[in-house]
Amino acid sequence: GGPGRTPSECESSGAVVANRIPIPFYAGYLAWLERQDDAVLLETARPDSANRRSLLFVEPVETVTARTLDDVGPALETVSKAVEGGLHAAGWIAYEAGFAFEEVLYPLARPQAEPVLWMGLYRKPLVYDHRAGRFEGGQVLQRAIPTTASASVLEPEPSVPEAQYAESFHEVLERIADGDTYQINLTFPLRFDHQGCAAELYGRLRRAQPVPYAALMRCGDLTILSF
């Protein structure tokens with residue numbers, strides 16, 4: 001078959017199959033990917049001789065979601081059985097899902113508005129070889145046709161006041177000095193309004209911080225950008 005449809009302005013339609021693949025990893029392709037249901041791109045953003053492939057998962061056989069801590073165990077069992085049966089799993093697990101495995105910490109868990117686990121179960125990924133410049137299986141890249149959509153972040157606001165963070169930071173130092181722990185990841189959410197296309201935001205963030213691995217995931221009602 002011929003090449004897939006090229007998106008514009010973050011709009012596209014139709015499913016992708018192995019012999020109809022749109023332009024990978026450029027703005028126009030990412031915009032197309034953002035419109036696909038339950039699709040996952042695991043990108044090797046800085047390919048080298050040992051790591052030169054990116055994986056694209058589309059058209060899942062099934063999706064698995066855990067919305068509460070009680071759902072985590074059964075969800076992982078479903079995923080494990082599917083993988084044993086030959087399917088591929090791609091998605092994400094929130095840090096908060098860890099409370100499900102610690103009886104001492106379980107009572108400390110706070111209710112989450114979003115799921116704590118989402119996995120798509122796929123027959124196989126489409127594999128892009130960065131060194132060869134094509135998808136494995138003979139699909140060759142076309143010329144990129146970039147989207148004109150733009151993305152911007154408006155009024156980022158930390159969820160923790162600076163004074164409170166400083167107090168927590170000093171407490172961490174004290175606990176490490178006392179030998180209570182050796183490491184604490186003292187993080188907090190940063191909330192902001194977003195204008196434009198999430199795929200373009202992914203591209204901008206990827207260019208600004210060129211990490212080795214990145215991901216763009218369409219998970220139900222959520223779009224996840226990971227770096």
Side-chain angles (χ1 to χ4, degrees), residues 1-7 10-45 51 53-98 100 112-130 134-139 141 197-203 206 213-227:
R5 295 176 59 185
T6 302
C10 288
E11 295 181 357
S12 183
S13 62
V16 61
V17 293
N19 64 344
R20 293 183 62 83
I21 301 173
I23 300 163
F25 311 143
Y26 298 101
Y29 174 78
L30 295 173
W32 172 89
L33 180 60
E34 183 186 1
R35 293 297 183 181
Q36 308 309 303
D37 293 331
D38 303 326
V40 175
L41 169 65
L42 303 180
E43 183 178 2
T44 298
N51 301 281
R53 293 178 173 87
S54 294
L55 305 179
L56 171 61
F57 297 86
V58 293
E59 299 178 344
V61 175
E62 181 184 356
T63 62
V64 180
T65 303
R67 298 190 176 278
T68 69
L69 293 182
D70 292 335
D71 297 334
V72 172
L76 290 176
E77 289 181 10
T78 299
V79 171
S80 178
K81 290 179 180 178
V83 172
E84 290 175 358
L87 295 179
H88 298 258
W92 56 272
I93 303 175
Y95 285 111
E96 289 78 9
Q112 301 293 316
E114 306 295 347
V116 292
L117 177 151
W118 184 95
M119 287 284 167
L121 303 176
Y122 306 86
R123 291 185 176 86
K124 64 178 181 179
L126 303 175
V127 181
Y128 180 74
D129 187 327
H130 289 271
R134 60 180 176 84
F135 281 95
E136 295 182 354
Q139 296 301 317
L141 282 177
C197 178
E200 174 64 17
L201 179 61
Y202 171 84
R206 187 186 58 181
Y213 307 105
L216 174 60
M217 295 179 275
R218 288 283 295 118
C219 312
D221 297 331
L222 298 176
T223 300
I224 306 294
L225 284 60
S226 178
F227 301 92

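Everything quoted here is computed from the prediction, not taken from an experiment. Heavy-atom basis, side chains included; hydrogens, waters and symmetry copies ignored. Along the sequence shown, residues carry numbers from 1.
The side-chain hydrogen bond (donor to acceptor under 3.5 Å, both in side chains) search around D129 returns R52, not counting sequence neighbours. Looking at residues two or more places apart in sequence or on another chain, you find no side-chain hydrogen bond (donor to acceptor under 3.5 Å, both in side chains) involving Y122. In terms of the side chain to side chain contact (heavy atoms under 4.5 Å, CB included) criterion, residue partners of N51 (sequence neighbours excluded) are, by chain and number, T44, D48, Y213. Residues passing the side-chain hydrogen bond (donor to acceptor under 3.5 Å, both in side chains) test with T68, sequence neighbours excluded: D71. By the side chain to side chain contact (heavy atoms under 4.5 Å, CB included) test, A89 is found to be paired with V79, V83, M119, L121, residues two or more places apart in sequence or in another chain being considered. Every residue was checked against the side-chain hydrogen bond (donor to acceptor under 3.5 Å, both in side chains) condition with D38, not counting sequence neighbours, and none meets it. Residues that satisfy the side chain to side chain contact (heavy atoms under 4.5 Å, CB included) test with V61, not counting sequence neighbours, are L87, R123.
Identified under the ring-ring contact (aromatic ring centres under 6.0 Å, His included) test for residues 65-86, with sequence neighbours left out: none. Among residue pairs with one or both ends in residues 78-98, none qualify as side chain to side chain donor-acceptor pair (under 3.5 Å); sequence neighbours excluded.
Listed here is the closest heavy atom pair of G91 and M217: O-SD, 3.6 Å. In terms of heavy atoms, A215 sits closest to Y202 at O-CE1, 3.3 Å. The heavy-atom pair separating P60 from G120 by the smallest distance is CB-CA, 4.5 Å. The minimum heavy-atom distance between A100 and L69, with the atom names listed, is CB-O, 3.7 Å.
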Output, in order, the C-alpha distance, side-chain angles, deciding distance and verdict of side-chain contact (heavy atoms from CB on, under 4.5 Å) for L55 and V127. CA-CA 5 Å; L55 305 179; V127 181; 3.7 Å; yes
With side-chain contact (heavy atoms from CB on, under 4.5 Å) as the test, would you mind laying out the steps for I93 and V72 before giving the verdict? CA-CA 9 Å; I93 303 175; V72 172; 5.9 Å; no
Please step through side-chain contact (heavy atoms from CB on, under 4.5 Å) for the pair W118 and V40, ending with a clear verdict. CA-CA 11 Å; W118 184 95; V40 175; 3.9 Å; yes
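The CD atom of E59 lies 8.5 Å from the CG atom of L126; values are rounded to the nearest 0.5 Å.
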Under 3.5 Å, which donor-acceptor pairs link side chains of residues 218-227 to any protein atom two or more places apart or in another chain?
| from | atom 1 | to | atom 2 | distance (Å) |
| --- | --- | --- | --- | --- |
| R218 | NE | E34 | O | 2.4 |
| R218 | NH1 | G220 | O | 3.4 |
| R218 | NH1 | L222 | O | 3.1 |
| R218 | NH1 | T223 | OG1 | 3.2 |

